[in-house]
Amino acid sequence: MDFQKILENKPLLYGIIGGLVVVLALFITVGVVVSQNSSGAPKTVKEKIIDKPLDLLTTDNLGKAIEIQALLAREGITVERRADGQKSVLYLQKYTMTQRDRALLAIVKSGLVDQNIGLEIFDKGDFTSTKEDKRIRLTRAINGELSRLIRKIPPIENASVFVSIPEQVMFEQDQKPITATVQLVMPSGEKLDNMKVKAIRNLLLGSVNGLEAENISITDTNGNVYDSIASADDDMLAKLEENDQYMQAKVKTQLDKLIGKGNYAVTVSTYLRQAPMQKDAIDFDPTKKTALTEQTFSEGLGDQTRDSNKGLSAVSVYLPNGLPANNADSSQNRSYSRTARETQYGVPKVQTSELVKPGTIEDISIAVTLEESSIPANMTLEELKILVAKAASPKAKPENVEIAFSDSVDPFLAGDKPESLPKPDSTGNPWWIAIAMLLVGLGVGLKFLSDRVKAAQERQIAEIQMLREKSQDQEKQIRDVNLKAAELIEKQTQLAQGMLEQKQQAQTLPELNSTLSELADEMTGLDDDDLAEHVKSWIEKS
């Protein structure tokens, strides 16, 4: 294993350290537990097995015997069954005293064998019984069955029911009512809640025909007397508690997300209407109009007036509306008729009648205590009240939300804090020794690992420095090689240029010689002026 690679792999190194710490803690814990068990734990004593058969019970009901046998098998106790005529006997073949006690206790708790007689009393036909005997047997069966049913309600240990069914009489006003009395066996200090009392009452009312709630009496062995008639106040109180818990849970859900769980305390109080109330309201809408009254009428006049002085050349005593022409008839028909409709408009109104029943929510008050610094910076106090009110119920108003601030939300009140802590148990190994050993082991292990890590880091730093120096030397050598290569390339370029010039000179030299010879031949015999002129013209041509 390469320890250097392990040190360089940080997650693996931390995992190894954590594993060592867990193994060391388990080793110390096991050692402490073993030492305590070896010093103070009592030794288990093996019980003696009894070979003598023990009869548990005898019954003539085969189904009940099989049911008890299955019940004890679920408890891990094997019970044998044998037939004794028409009866079945359950017995233990090999057992210990503990198994015997467990078997008897399981049979008693199951309620399969008790003093109550149920409807099985009618399993055998009896033709000699009178009507009164059958009535008594029916009453015993009802009492037994109700006792068995009520006994199954926790924490009731046992129950006795006495139903009194009086004889029928001729006149109804002389008929006595059916009564029921229930005696409950309760654990010491226990008391039934209202819901279980209501369940017992409903069970009796549904099982006994003609029984009234006011004729039921319920008591227990702790001296508590229960009212068989549930009052409206009891139901209202239960409904009030249910509403408060429901709304408080909704407010807590919002505050847990906003502030954080455990950083606040909230209480919701609901006011329910105690008595019925009728509300009447009239709403007017001034922005609309509606027809209040509407009537239609018609009017007519039948009148025809004639000139009584017609033909007498006398002045007419009647002046019509329109003047007739000369010597014309001045009679005029004045009859007319007209029809009209008159409508009266007004502001519409809506009349509402509401009956508020008892138990309706009237008002909701919410109290919240929290730290002032826990409110988000972008939220005001009014916004927090609106959030709490909407979370509780649509009927909750922000002005009914009260918020108080405290330095710290302490789950204990000042008076509830314990004044003195209990003394630790001094038996066995002290717990602080295990903690001290664990801390010492952790310290030594961390010291060893830190030294190894530090040494590895120093070696790693030295290797990194050496690699840096080698890298610098290599870079310097590369630069020198590049410079030499550049110089060689430049020299090669210069040599190639010189060789090219020499080659050009070698090509142009014969031509120059031939030209000079021709020029010399041409200038032979010329005087100085002609020679100069000839040279000038040759140069210009060239």
Side-chain angles (χ1 to χ4, degrees), residues 42-163 165 181-188 190 199-200 203-204 207-208 220-221:
K43 296 182 179 180
T44 304
V45 179
K46 188 176 182 180
E47 289 186 295
K48 181 181 178 181
I49 298 177
I50 302 173
D51 295 334
K52 183 179 179 180
L54 174 65
D55 293 343
L56 294 177
L57 60 92
T58 302
T59 178
D60 55 356
N61 191 335
L62 180 60
K64 182 182 294 186
I66 296 174
E67 187 176 359
I68 294 175
Q69 195 174 10
L71 172 66
L72 296 177
R74 289 197 298 267
E75 297 290 335
I77 304 172
T78 303
V79 179
E80 304 293 337
R81 178 172 50 86
R82 70 173 184 269
D84 186 7
Q86 297 294 331
K87 298 182 180 181
S88 298
V89 180
L90 298 180
Y91 66 95
L92 293 173
Q93 184 67 34
K94 292 183 179 181
Y95 59 92
T96 62
M97 298 299 293
T98 302
Q99 290 177 347
R100 183 200 66 179
D101 296 339
R102 287 174 54 201
L104 294 175
L105 185 60
I107 293 174
V108 172
K109 284 186 175 180
S110 65
L112 297 175
V113 180
D114 55 11
Q115 73 278 11
N116 298 318
I117 299 175
L119 296 176
E120 67 271 8
I121 196 174
F122 295 101
D123 291 343
K124 296 180 180 180
D126 188 3
F127 298 100
T128 61
S129 299
T130 63
K131 184 177 180 181
E132 182 65 19
D133 293 337
K134 292 180 179 180
R135 187 182 65 82
I136 294 174
R137 291 171 64 185
L138 177 60
T139 303
R140 291 184 61 190
I142 293 174
N143 294 340
E145 292 295 333
L146 290 175
S147 299
R148 293 174 182 176
L149 293 174
I150 295 174
R151 185 170 53 193
K152 294 181 180 180
I153 300 175
I156 300 174
E157 296 179 351
N158 200 355
S160 299
V161 179
F162 303 95
V163 177
I165 303 177
T181 304
V182 181
Q183 177 69 20
L184 305 176
V185 179
M186 299 285 294
S188 179
E190 293 286 341
I200 295 174
L203 182 62
L204 293 172
S207 302
V208 182
D220 63 14
T221 54

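No hydrogens, no waters, no symmetry mates; every other heavy atom, side chains included, goes into these values. Computed from a predicted structure; not experimentally measured.
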Novice: Between R100 and L54, is any pair of side-chain heavy atoms under 4.5 Å apart?
Specialist: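 Contact flag for R100/L54 side chains = yes.
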
Novice: Measuring from L92:CG to T78:OG1, what's the distance to the nearest 0.5 Å?
Specialist: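 L92 atom CG to T78 atom OG1 measures 9.0 Å (nearest 0.5 Å).
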
Novice: Rounded to the nearest 0.5 Å, what's the gap from CE on M186 to OG1 on T221? Could you check?
Specialist: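 With rounding to 0.5 Å, CE (M186) is 7.5 Å from OG1 (T221).
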
Novice: Looking at side-chain heavy atoms only, is the closest gap between I153 and L203 below 4.5 Å?
Specialist: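 They are not in contact (no side-chain heavy atoms under 4.5 Å apart), so the answer is no.
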
Novice: Do you know the tightest heavy-atom contact between E157 and P187?
Specialist: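 Smallest interatomic distance, heavy atoms only, reads OE2-CG, 3.5 Å.
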
Novice: Which heavy atom of E190 sits nearest a heavy atom of D220, and at what distance?
Specialist: O-OD2, 4.2 Å

Novice: Distance from T96 atom OG1 to K48 atom NZ, nearest 0.5 Å?
Specialist: 12.5 Å

Novice: Let me confirm one number: the CD1-CD1 distance from I150 to I200, rounded to the nearest 0.5 Å.
Specialist: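 Atom-to-atom, I150:CD1 and I200:CD1 are 5.5 Å apart.
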
Novice: List the residues meeting side chain to side chain contact (heavy atoms under 4.5 Å, CB included) with I50, not counting sequence neighbours, and say none if there are none.
Specialist: K52, Y95, M97

Novice: Within this structure, what is the CG-CG distance for the pair L204 and L149, rounded to the nearest 0.5 Å?
Specialist: 10.0 Å

Novice: Applying side chain to side chain contact (heavy atoms under 4.5 Å, CB included), can you list everything that pairs with L72, at least two apart in sequence or on another chain?
Specialist: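 Scan of L72 (side chain to side chain contact (heavy atoms under 4.5 Å, CB included), adjacent residues dropped) gives L56, I68, I77, V79, A103, A106, I107.
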
Novice: Quick one: list whatever passes salt bridge (Lys or Arg N to Asp or Glu O under 4.0 Å) with D55, sequence neighbours left out.
Specialist: R82

Novice: Does D51 have any side chain to side chain contact (heavy atoms under 4.5 Å, CB included) partners at least two apart in sequence or in another chain, and if so, which?
Specialist: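 Side chain to side chain contact (heavy atoms under 4.5 Å, CB included) list for D51, sorted by chain: I49, K94.
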
Novice: With sequence neighbours left out, what residues match Q69 under side-chain hydrogen bond (donor to acceptor under 3.5 Å, both in side chains)?
Specialist: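 Applying side-chain hydrogen bond (donor to acceptor under 3.5 Å, both in side chains) to Q69 gives R81.
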
Novice: side-chain hydrogen bond (donor to acceptor under 3.5 Å, both in side chains) with T98: which residues, sequence neighbours excluded?
Specialist: E47

Novice: Keeping the roles fixed (side chain from N143, backbone from V163), state whether a donor-acceptor pair exists under 3.5 Å.
Specialist: yes

